[in-house]
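Numbered from 1 within each chain, the chains take letters A, B, ... in sequence-line order. What's counted below: heavy atoms across the whole structure, side chains too, no hydrogens, waters or symmetry copies.
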There are 2 protein chains.
Amino acid sequence: MQTAAETAATTASRTGTRDRIVVTAARLIQRQGYVGTGIKQIAQEARATLGSVYHFFPGGKEAVAVAAIEHSGAEFSVFLREALGSAQDPAEAVEHCAVRLAEELRASGWVDGCPVTAAALETLGGETRIQQACAEALRDWEALVREKLLGCGFAADDARELATTVIGALEGAEVTAQVNRSEEPLRVTGRQLARLLRSYA
Amino acid sequence: MQTAAETAATTASRTGTRDRIVVTAARLIQRQGYVGTGIKQIAQEARATLGSVYHFFPGGKEAVAVAAIEHSGAEFSVFLREALGSAQDPAEAVEHCAVRLAEELRASGWVDGCPVTAAALETLGGETRIQQACAEALRDWEALVREKLLGCGFAADDARELATTVIGALEGAEVTAQVNRSEEPLRVTGRQLARLLRSYA
DNA sequence: ACCTGGATAGAGCGTTCGTTCTAGAGATGT
DNA sequence: ACATCTCTAGAACGAACGCTCTATCCAGGT
């Protein structure tokens, strides 16, 4: 029999390594893309060894990437849900969302952009599993916006089209902001999206 | 002295090899990204040898990529100018632009997306030259939209903000369309952008 | 005390990467 | 004719890639 502290430590260590690998891979893929991130780099920065990586992910690099993208997708869903809930008016909520994205992007030195875009674009030719994970993440995000709009009385078709537009526009604005190292594209896009939403009132 | 035909052939071959390298690199980077595209693959698909590549581009892979991105940027500028000129009404013009992007994307098997996004996202950490070329391309495209809007009587500030929004939204919609293998994100975004523009009338 | 199986550790595999280097082909100027 | 220069051709280098493999560690059950 072991103490509760030992159990906690053991459990934390057992599940901890796998989580460290996923979180580290997610951050690296977000910054360097899928192809640009090596398995050995992931292992090193996650304070794990190659053996551990292949122990938890027998599927190799692709399996690590899929888990990392799913993690990033869920993480951004949390952010999105929170940001959308910050205001009752959907136009205000979306604009607030863009502003927070801009602030976090600047805080990261313009490096931590959309966690799925980079991986998605690189693997469009093949790698179906990765692209699938990206598509699923995008669908989840759109669903969050759609539900917010439905809750505010938008018609079903309008809510669907606007959700697609909002997620897409934020994504594009984030890329533009990263390339130009400026918060403005995101702030401007947030303003215009708010105007678009208000035009339905 | 050589014949005119020989001169033409020689000239075509001399400048032709360099152009083939640039065009091939542009297409490959567009589809596979900067990191995912190898110098040897570029040489092979451009029907050139490694020696030729390094002869024309002593700067190596980065120099080839910069030339390729500049080429892609200029090419898309031509497309954009033509699409924006297809209708006098800016809302119609932008929507037409989105539709044509959707059609061409489907025709390419959802593979030929934005020629600069992929390269830009991969090289944000370092590689200043490449990022610079991407930023310049984006700026050119925004300028084309802005001038179109200015020509249609929009106020300067509105035209600037809308140009940023339009280019960003189209970019994001293109990525969404690629990941989902569907024209709808682009068509929907085109519609909503048109609505946004009309709200200024 | 012994065994078992999950987790860690890293050397080493074959391949491909970007780049460098030398050799030669072909047209031009003198 | 010869020398010169641009361009082509591809072998070879060191480094890094993803992955496989064996060895070791250590907690839990018997």
Side-chain angles (χ1 to χ4, degrees), chain A residues 1-22 24-25 28-29 32-68 119 122-123 126-127 129-130, chain B residues 1-22 24-25 28-29 32-68 119 122-123 126-127 129-130:
Chain A
M1 175 89 184
Q2 56 184 358
T3 69
E6 277 167 355
T7 303
T10 300
T11 302
S13 170
R14 197 191 307 166
T15 68
T17 300
R18 207 198 105 107
D19 283 359
R20 255 177 5 249
I21 292 169
V22 172
T24 304
L28 289 176
I29 290 175
Q32 314 173 350
Y34 173 69
V35 187
T37 301
I39 284 269
K40 290 176 183 174
Q41 186 190 9
I42 293 173
Q44 189 177 334
E45 299 205 11
R47 281 169 299 123
T49 64
L50 222 57
S52 299
V53 175
Y54 279 93
H55 170 73
F56 289 111
F57 300 95
K61 186 183 181 181
E62 186 182 331
V64 175
V66 169
E122 288 177 308
T123 58
E127 308 277 4
R129 302 263 319 281
I130 295 181
Chain B
M1 176 81 182
Q2 56 186 356
T3 68
E6 275 167 357
T7 304
T10 301
T11 302
S13 169
R14 197 191 306 167
T15 67
T17 300
R18 207 197 107 107
D19 284 359
R20 254 179 3 251
I21 292 169
V22 171
T24 303
L28 289 176
I29 290 175
Q32 315 174 346
Y34 173 67
V35 186
T37 302
I39 284 269
K40 290 176 184 175
Q41 186 189 9
I42 294 173
Q44 189 178 333
E45 299 204 11
R47 281 172 297 124
T49 64
L50 227 60
S52 298
V53 175
Y54 278 93
H55 169 73
F56 288 111
F57 299 96
K61 186 182 181 181
E62 186 182 331
V64 175
V66 169
E122 288 177 308
T123 58
E127 308 276 5
R129 304 264 317 282
I130 293 180

A:Y54 versus A:G60, closest heavy-atom pair with distance:
CE2-CA, 3.7 Å
What is the minimum heavy-atom distance between A:I29 and A:Y34, and which atoms define it?
CG2-N, 4.2 Å
Kindly give the heavy-atom pair with the smallest separation between B:V35 and B:K61, and that separation in Å.
O-NZ, 3.7 Å
Whole angstrom is fine here: how far is it from CD in B:Q44 over to P in C:dG18?
13 Å
What distance separates B:I130 CD1 from B:E62 CD, expressed to the nearest 0.5 Å?
5.0 Å
In whole angstroms, how far is the C1' atom of D:dT8 from the CD1 atom of B:I21?
11 Å
Phosphate OP1/OP2 of D:dT8: any B:T17 side-chain N/O under 4.0 Å
yes
Roughly how many Å is it from CZ in A:R47 to C1' in C:dG10, rounded to a whole number?
18 Å
Rounded interatomic separation in angstrom, taking CZ from A:F57 and P from D:dT20:
16 Å
Give a yes or no on whether B:Q41 atom CD has more than 12 heavy-atom contacts from other residues, nucleotides or ligands under 6.0 Å away.
yes
What is the separation between atom NE2 on A:H55 and atom C1' on C:dG10, rounded to the nearest whole Å?
16 Å
Proximity to the side chain of B:T49 - top-ranked nucleotide from D:dC7, D:dG10, C:dT8:
D:dG10
Give me the distances for all protein-to-nucleotides 12-19 of chain D N/O pairs that come in under 3.5 Å?
residue: D:dG18; atom: OP1; partner: A:T37; partner atom: O; Å: 3.4
residue: D:dG18; atom: OP1; partner: A:K61; partner atom: NZ; Å: 2.8
residue: D:dG18; atom: OP2; partner: A:I39; partner atom: N; Å: 3.0
residue: D:dG18; atom: O6; partner: A:K40; partner atom: NZ; Å: 3.4
residue: D:dC19; atom: OP2; partner: A:Y54; partner atom: OH; Å: 3.0
residue: D:dC19; atom: OP2; partner: A:K61; partner atom: N; Å: 2.8
residue: D:dC19; atom: O5'; partner: A:Y54; partner atom: OH; Å: 3.3

Nearest heavy-atom contact between A:A25 and A:I42 is CB-CD1, 3.8 Å
